[in-house]
There are 2 protein chains.
Amino acid sequence: MAGMDALTAIAEPTRRRIVDALRTRECSVTDLVTMLRMSQPAVSKHLRVLREAGVVTASTRAQQRIYRLNPAPFRELDAWLAPYRQLWTRHLAALEEHLNERDKP
Amino acid sequence: MAGMDALTAIAEPTRRRIVDALRTRECSVTDLVTMLRMSQPAVSKHLRVLREAGVVTASTRAQQRIYRLNPAPFRELDAWLAPYRQLWTRHLAALEEHLNERDKP
DNA sequence: CTGCTTTATGCCTTGACGGTTATATAACCG
DNA sequence: CGGTTATATAACCGTCAAGGCATAAAGCAG
């Protein structure tokens with residue numbers, strides 16, 4: 001019942017591997033277990049964290065639980081990143097400025 | 001000597017506060033200490049982590065060390081996020097499709 | 001109902017991390 | 001030089017989370 005935010009959840013290396021896997025196609029738990037070469041409980045626990053953070057959603061199909069990504073937190077992350085974009089555009093602008101300045105004899 | 005990656009470094013709540021503060025203007029350590037209302041050693045340690053992850057750079061000015069953001073990791077984060085963008089564009093497309101379908105009697 | 005498969009939970013150990021106080025290092029000022 | 005400011009490091013502690021194994025729970029097959 002922790003409720004950690006999406007970014008913190010995604011940051012963990014193993015969970016990022018899970019997220020990267022789910023990006024291309026939805027997966028069952030055993031799918032992920034074989035991909036990550038980790039114990040099933042470990043994977044289930046990571047999935048629980050991701051679920052409670054709203055990063056993934058699960059649906060039941062027969063005995064399997066199919067996990068897929070939830071777009072929302074990625075949009076949020078994108079929104080958070082937005083104001084940082086001018087960071088490197090400004091950087092490039094400064095660089096260009098510098099080059100122009102240098103070419104003037 | 002850990003060498004954690006940028007995303008993991010940024011994910012930590014306190015460090016995200018530092019990064020958010022540095023986004024608008026560069027800061028000295030004491031600046032950050034007063035902002036975060038935390039002990040100076042704690043701030044210095046977080047700055048060390050951010051430094052080793054390449055998130056920030058430091059320069060010396062008198063006795064102060066001025067910290068500023070390094071654009072690179074944010075570009076990397078943006079690049080990592082890029083393939084996820086189609087996640088919500090697809091999502092929107094599907095939604096629109098669904099609405100169109102529903103309007104046909 | 002009895003297995004069989006798939007997933008979730010409980011318990012435990014271990015290692016890492018965030019925070020503190022105390023101290024070292026470094027750069028300025030007089 | 002001595003003193004003061006600014007930052008980094010050391011030593012320590014409490015907490016927490018990630019991983020393991022064992023076990024429960026849930027859904028299907030026969």
Side-chain angles (χ1 to χ4, degrees), chain A residues 1-22 25-70 73 77, chain B residues 1-22 25-70 73 77:
Chain A
M1 305 173 178
M4 94 202 297
D5 71 308
L7 180 50
T8 313
I10 295 176
E12 206 277 329
T14 304
R15 282 194 290 266
R16 215 181 315 166
R17 291 212 292 154
I18 294 181
V19 166
D20 280 330
L22 290 178
R25 52 176 165 72
E26 59 189 26
C27 291
S28 77
V29 178
T30 8
D31 286 345
L32 293 169
V33 168
T34 54
M35 292 180 194
L36 306 186
R37 310 210 171 220
M38 205 179 335
S39 82
Q40 175 266 315
V43 174
S44 275
K45 280 199 266 189
H46 281 299
L47 287 171
R48 179 191 171 100
V49 173
L50 290 172
R51 232 187 308 128
E52 290 178 344
V55 178
V56 303
T57 60
S59 61
T60 305
R61 187 158 70 197
Q63 312 107 303
Q64 300 186 338
R65 317 242 353 201
I66 306 300
Y67 281 87
R68 57 184 64 79
L69 291 183
N70 183 19
L77 179 51
Chain B
M1 307 170 180
M4 95 201 296
D5 71 308
L7 181 50
T8 312
I10 295 177
E12 206 277 327
T14 304
R15 282 194 289 266
R16 217 180 315 167
R17 292 212 292 155
I18 294 181
V19 167
D20 281 330
L22 290 178
R25 51 176 166 74
E26 60 188 27
C27 292
S28 76
V29 178
T30 10
D31 287 345
L32 293 169
V33 168
T34 55
M35 291 180 196
L36 306 187
R37 310 206 170 226
M38 206 179 335
S39 80
Q40 175 265 314
V43 175
S44 275
K45 278 205 281 188
H46 282 299
L47 287 172
R48 180 192 170 100
V49 173
L50 290 172
R51 233 186 308 128
E52 289 177 345
V55 178
V56 302
T57 60
S59 63
T60 304
R61 187 158 68 197
Q63 312 109 304
Q64 300 185 338
R65 317 243 351 204
I66 306 301
Y67 281 85
R68 56 185 64 81
L69 293 182
N70 183 19
L77 179 52

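Note on naming: letters A, B, ... go to the chains in the order of the sequence lines (proteins, then strands), and numbering restarts at 1 for each one. Since the model is a prediction, treat every value here as computed from it, not as a measurement.
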Quick check on D:dA6: is either OP1 or OP2 less than 4.0 Å from any side-chain nitrogen or oxygen of B:Tyr67? no
From the candidates C:dT7, C:dT20, D:dA8, the one with an atom nearest any side-chain atom of B:Arg65 is D:dA8
By nearest-nucleotide position on DNA chain C, the 5'-leaning member of B:Pro41 and B:Arg15 is B:Arg15
Contact check, residues 25-40 of chain A vs DNA chain D, heavy-atom distance under 4.0 Å, returns A:Met38, A:Ser39
Taken in chain and number order and not counting sequence neighbours, the residues that satisfy side-chain contact (heavy atoms from CB on, under 4.5 Å) with B:Arg17 are B:Leu36, B:Met38
Testing D:dG19, C:dA8, C:dT9 for proximity to the side chain of A:His46, the answer is D:dG19
pair_partner(C:dG30), Watson-Crick or wobble, both distances < 3.5 Å, evaluates to D:dC1
Residues at least two apart in sequence or cross-chain that pass side-chain contact (heavy atoms from CB on, under 4.5 Å) with A:Thr30, listed by chain then number, are A:Ser28
A:Val55 vs A:Leu22 side-chain heavy atoms within contact, under 4.5 Å: no
Practice item. Answer yes or no: is there a side-chain heavy-atom contact under 4.5 Å between B:Leu69 and B:Val56? Key: yes
Those residues at least two apart in sequence (or on a different chain) that pass salt bridge (Lys or Arg N to Asp or Glu O under 4.0 Å) with A:Arg68 are A:Glu26
B:Arg16 atom CZ is separated from C:dC17 atom P, nearest whole Å, by 17 Å
side-chain contact (heavy atoms from CB on, under 4.5 Å) filter on A:Arg15, not counting sequence neighbours, yields A:Met4, A:Ala9, A:Glu12, A:His46, A:Val49, A:Leu50
At a cut-off of 3.5 Å, list every protein nitrogen or oxygen paired with a nitrogen or oxygen from nucleotides 11-16 of chain D, distance to 0.1 Å.
none

In whole angstroms, the gap separating C1' of D:dT5 from CD1 of B:Ile66 amounts to 14 Å
Rounded to whole Å, CD of A:Gln64 lies from C1' of C:dC4 at a distance of 14 Å
Here the residues of residues 55-63 of chain B within 4.0 Å heavy-atom distance, strictly under, of DNA chain D are B:Gln63
Sequence neighbours excluded, the answer for side-chain hydrogen bond (donor to acceptor under 3.5 Å, both in side chains) partners of A:Thr34 is none
Residues at least two apart in sequence or cross-chain that pass side-chain contact (heavy atoms from CB on, under 4.5 Å) with B:Thr60, listed by chain then number, are B:Arg65
Contacts of B:Ser39 meeting side-chain hydrogen bond (donor to acceptor under 3.5 Å, both in side chains) (sequence neighbours excluded), chain-then-number -> none
Taking C:dT20, D:dG19, C:dT7 as options, the one with an atom nearest any side-chain atom of A:Ser44 is C:dT7
Against the side chain of A:Thr14, the closest entry in D:dA8, D:dG19, C:dT9 is D:dG19
Quick note, salt bridge (charged side-chain N to carboxylate O under 4.0 Å, His left out) partners involving residues 28-37 of chain A, not counting sequence neighbours, are none
Across all chains, not counting sequence neighbours, the side-chain hydrogen bond (donor to acceptor under 3.5 Å, both in side chains) partners of A:Gln63 are none
Review point. So does A:Arg48 get a side-chain nitrogen or oxygen closer than 4.0 Å to the phosphate oxygens (OP1/OP2) of C:dT9?
Key: yes
